[in-house]
Structure formats: C-alpha cells, structure tokens
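Heads up, the thing below is written out as structure tokens.
Quantities reported herein were computed from a predicted structural model and do not represent experimental measurements.
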Amino acid sequence: MFGSRLRDLRNEKKLTQDDLGKMLDVSGKTIGAWERDSRQPNIEAINKIASIFNVSTDYLLGNTEKKDDDNVDYVALDKALDNARSFDGEPMDDHDREILRGILKGYFTTKK
C-alpha cells in the first residue's frame, strides 16, 4: 500500500525517484525500493514524505483513503514545530516534537 501511494504521489508531482531522493537525502534506488515495498522508510522519512506531498501519514500508510485531515497545512505545522521550544527554552527533541504533532493533528481532525 505505502509503495503504490508513494509512486502515485511522486508521479502526480512529476518527480523522478532521484528528485524525491534528493529531497529526502536518500538515493533514487532507495525510493524505488520503497515503491516496490521491498524496503520501508523510517518514521522521519514518512513524516517528510507526508509534508512534501501535503498528505497525512495515515494516508501514506494505507490507514485511510482521505489524503489529508480536514485540509490542515502540515507543511506549516511541521515548520512551526521545527522552531518549537520546551519549557526551559531549549529546542524540543524529536520525540517531544512527534508527541506535540500528534496532539495538534488530533485537535485539528476532531475540531468541527
């Protein structure tokens, strides 16, 4: 499921495997392996892919047919979270950023 969705999204944007690989700091061959489902990206890559194509990670992973969650701008959300600070003023670590991202996405998808 992931591989075919990644290939479809990449083709919609008219990107080559090498183009997308450069955006993700991996080789075009790695993108090809992901598209064939012979290898799986890590969570960081999945989040970047979702941001690049402005889709939810649930869509990428085949958990929903809906490409986005109520049109939340995940690129803007991710940029804001990149600059997020913890209570002591230090940059948030990746783990805390993922927790906050989940909370915010949950808020946006349940707010109606």
Side-chain angles (χ1 to χ4, degrees):
M1 178 66 65
F2 173 82
S4 61
R5 291 207 169 165
L6 177 61
R7 181 177 33 259
D8 292 345
L9 290 167
R10 180 180 58 75
N11 287 332
E12 284 174 18
K13 295 283 188 181
K14 300 188 184 335
L15 295 171
T16 66
Q17 290 177 343
D18 287 332
D19 293 336
L20 183 56
K22 287 176 186 172
M23 297 168 80
L24 297 167
D25 294 321
V26 299
S27 72
K29 288 182 180 186
T30 297
I31 300 298
W34 292 349
E35 289 181 356
R36 290 187 305 278
D37 287 319
S38 61
R39 289 184 51 199
Q40 298 297 314
N42 63 27
I43 190 70
E44 180 181 331
I46 291 171
N47 283 325
K48 284 182 183 179
I49 292 165
S51 292
I52 289 168
F53 295 112
N54 200 28
V55 297
S56 70
T57 55
D58 278 340
Y59 175 77
L60 281 175
L61 298 173
N63 296 326
T64 183
E65 293 301 313
K66 217 170 123 181
K67 283 188 176 182
D68 60 25
D69 294 326
D70 299 325
N71 297 318
V72 174
D73 185 349
Y74 289 110
V75 174
L77 177 61
D78 286 339
K79 286 180 183 179
L81 288 172
D82 285 343
N83 296 316
R85 301 282 178 177
S86 63
F87 289 114
D88 61 4
E90 294 296 316
M92 293 178 82
D93 62 31
D94 289 339
H95 178 261
D96 290 343
R97 195 174 293 112
E98 285 304 311
I99 291 171
L100 183 55
R101 182 177 283 113
I103 292 168
L104 291 172
K105 285 181 180 179
Y107 170 78
F108 288 122
T109 58
T110 58
K111 185 181 177 201
K112 298 246 179 196

- Nearest non-hydrogen partners of Ile46 and Pro41, listed with the distance: CG1-CG, 3.6 Å
- How long is the span from the CZ atom in Arg7 to the CZ atom in Phe2, to the nearest 0.5 Å? 11.0 Å
- Message: Tell me every residue that passes side-chain hydrogen bond (donor to acceptor under 3.5 Å, both in side chains) with Glu44, counting only those two or more places apart in sequence or in another chain.
- Response: Lys48
- Query: Between the side chain of Ser38 and the main-chain N/O of Ala33, is any donor-acceptor distance below 3.5 Å?
  - Reply: yes
- Message: Tell me if a side-chain donor or acceptor on Arg5 pairs with a main-chain N or O of Leu60 at a distance below 3.5 Å.
- Response: no
- Task: Please name all residues satisfying side-chain hydrogen bond (donor to acceptor under 3.5 Å, both in side chains) with Asp18, sequence neighbours left out, ordered by chain then number.
- Result: none
- Message: Please give me the minimum heavy-atom distance between Ala50 and Ser56, naming the atom from each residue.
- Response: CB-C, 4.3 Å
- Item | Which atom of Arg97 lies closest to which atom of Met92, heavy atoms considered | NH2-O, 2.7 Å
- Does any non-hydrogen side-chain atom of Leu9 lie less than 4.5 Å from one of Lys13? no
- Closest heavy-atom pair, Gln40 versus Trp34, reported as atoms and distance to 0.1 Å, is C-NE1, 3.7 Å
- Please answer: with hydrophobic residues joined when any side-chain heavy atoms are less than 4.5 Å apart, are Phe53 and Met23 in the same cluster? yes
- Would you say the side chain of Leu24 lies within less than 4.5 Å of the side chain of Thr30, judging by non-hydrogen atoms? no
- Criterion side chain to side chain contact (heavy atoms under 4.5 Å, CB included) on Asp94 and Glu98, from CA distance to verdict: CA-CA 6 Å; Asp94 289 339; Glu98 285 304 311; 5.5 Å; no
- Ile49 with Leu61, same ILVMFWY side-chain cluster at under 4.5 Å: yes
